[in-house]
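To start, the structure itself, in structure tokens.
Fair warning: this is a prediction, and the values are worked out from it, not measured in the lab.
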Amino acid sequence: MKKLKKTAALIIAAAMCVGMNAGTVAYAETLEDEGSSSADVTATYKSSETATVYSVDITWGSLEFTYTEAGAQTWDPSTHTYSEAEEGGWSYEKGSNILTITNHSNSAVAGSVKCETDETYAETITLSMDADNAVYEDSNHFSIVNSADPVTWVVYLLSDASDFALENPDGADYVEIPFELSGDPDEFEGTVTVGTVTVKLLSATGYVSISAFVASNYNSL
């Protein structure tokens, strides 16, 4: 009776060993399928060609403007007097009207900037660019598309950042474009949206001047 129990135990142990997971050592009474194992070998080819990495910073000012009606006065409770009447016109905090585009890519990039006045206010307000005060590195890389006044469409080309890094590791080509509002609007309450500015980015690999880029990409701008 004891001998039978021992034999049964050995059979159960052998069955447990054969059913073990892959990667473990399996024991069996015979070597058939359990006597071989295989695995696929994979390979990846990496070209020596340098990959293009695009990284462009688009930094917006708040683009918040205030219109002051001519003749407006401010009460000073400490002196019980009004300030002198202010002249009418548009104002903004320093730097808040500027859009900055900086190219950190190892490829030239180009594109366009357009601004459009909302049709609700188009009869009394005009949103435009102060192109005379735009800041850019190379005059061959910046162009006014609509030469009429006001300027509402410009194109730019920003050089490969690796070219700048040769002289200045922290250097990168950039453009700064200021915006302005003009006109005498009808009275409105609160803060309203009077226009929109749109920036486009395109690859400019191989282009050295904005004129050549525009000639080939005008419809995309």
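Proximity of Y82 to T74: side-chain heavy atoms (C-beta onward) are nowhere separated by under 4.5 Å. Contact annotation: the side chain of Y156 approaches that of V113 to within less than 4.5 Å [non-hydrogen atoms, C-beta and beyond]. F213 is listed as a side-chain neighbour of L202, based on a closest heavy-atom distance under 4.5 Å. Using a 4.5 Å cut-off on side-chain heavy atoms (C-beta onward), V175 and T100 make no contact. For the pair M129/V154, a side-chain contact is recorded, criterion being any heavy-atom separation below 4.5 Å from C-beta on.
Minimum heavy-atom separation, H141 to D173: ND1-OD2, 4.0 Å. Considering every non-hydrogen atom in both S107 and Y54, the closest pair reads OG-OH, 3.7 Å. What you find for N103 and A161 is that their closest heavy atoms are O-CB, 3.5 Å. Heavy atoms only, all atoms of each residue included: A204 and V109 are closest at CB-C, 3.8 Å. The two residues V53 and N106 make their nearest non-hydrogen contact at N-OD1, 2.7 Å. Residues S220 and K200 share a closest heavy-atom pair of O-NZ, 3.3 Å.
Placement of F188 and L127 within a single hydrophobic cluster is found when ILVMFWY residues are connected by side-chain heavy-atom separations under 4.5 Å, directly or transitively. Note on I58: it does not cluster hydrophobically with V135, by side-chain heavy-atom contacts below 4.5 Å among ILVMFWY residues. Residue L157 is not grouped with residue F164 when hydrophobic side chains (ILVMFWY) are merged at heavy-atom distances under 4.5 angstrom, including chains of intermediate members. A continuous path of ILVMFWY side-chain contacts below 4.5 Å connects V192 to W90, so both sit in one hydrophobic cluster. Transitive grouping of hydrophobic side chains (ILVMFWY, heavy atoms separated by less than 4.5 Å) keeps F179 and I98 in distinct clusters.
Y136 contributes atom OH, which lies 13.0 Å from atom CG of L158 (distance to the nearest 0.5 angstrom). Between N97 atom CG and I177 atom CD1 the span is 11.5 Å, to the nearest 0.5 Å. Between D149 atom CG and S128 atom OG the span is 7.0 Å, to the nearest 0.5 Å. A distance of 9.0 Å separates CD1 of I125 from OG of S182, quoted to the nearest 0.5 Å. The OG1 atom of T117 lies 7.5 Å from the CG atom of L181; values are rounded to the nearest 0.5 Å. Separating the OH atom in Y67 from the OG1 atom in T124 is a distance of 9.5 Å, to the nearest 0.5 Å.
The backbone N or O of E49 sits less than 3.5 Å from a side-chain atom of S47, completing a donor-acceptor pair. A distance-only check finds no donor-acceptor pair linking the side chain of T196 to the backbone of E116 [under 3.5 Å].
For an aromatic pair to be called close, the ring centres must be under 6.0 Å apart, and Y218 with W153 satisfies this. Aromatic pair Y92/F65: centroids less than 6.0 angstrom apart.
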Please lay out, stage by stage, how V155 and L221 fare under the test side-chain contact (heavy atoms from CB on, under 4.5 Å).
CA-CA 8 Å; V155 292; L221 295 168; 3.7 Å; yes
Show the numbers, then the answer: is there a side-chain contact (heavy atoms from CB on, under 4.5 Å) between T52 and T205?
CA-CA 10 Å; T52 300; T205 302; 5.6 Å; no
Begin with the C-alpha distance, continue with both residues' side-chain angles, and end with the deciding distance and a verdict on side-chain contact (heavy atoms from CB on, under 4.5 Å) for F142 and E137.
CA-CA 9 Å; F142 185 82; E137 293 283 340; over 6 Å; no
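Counted by atom type alone, T59 and D57 present zero donor-acceptor pairs between their side chains at under 3.5 Å.
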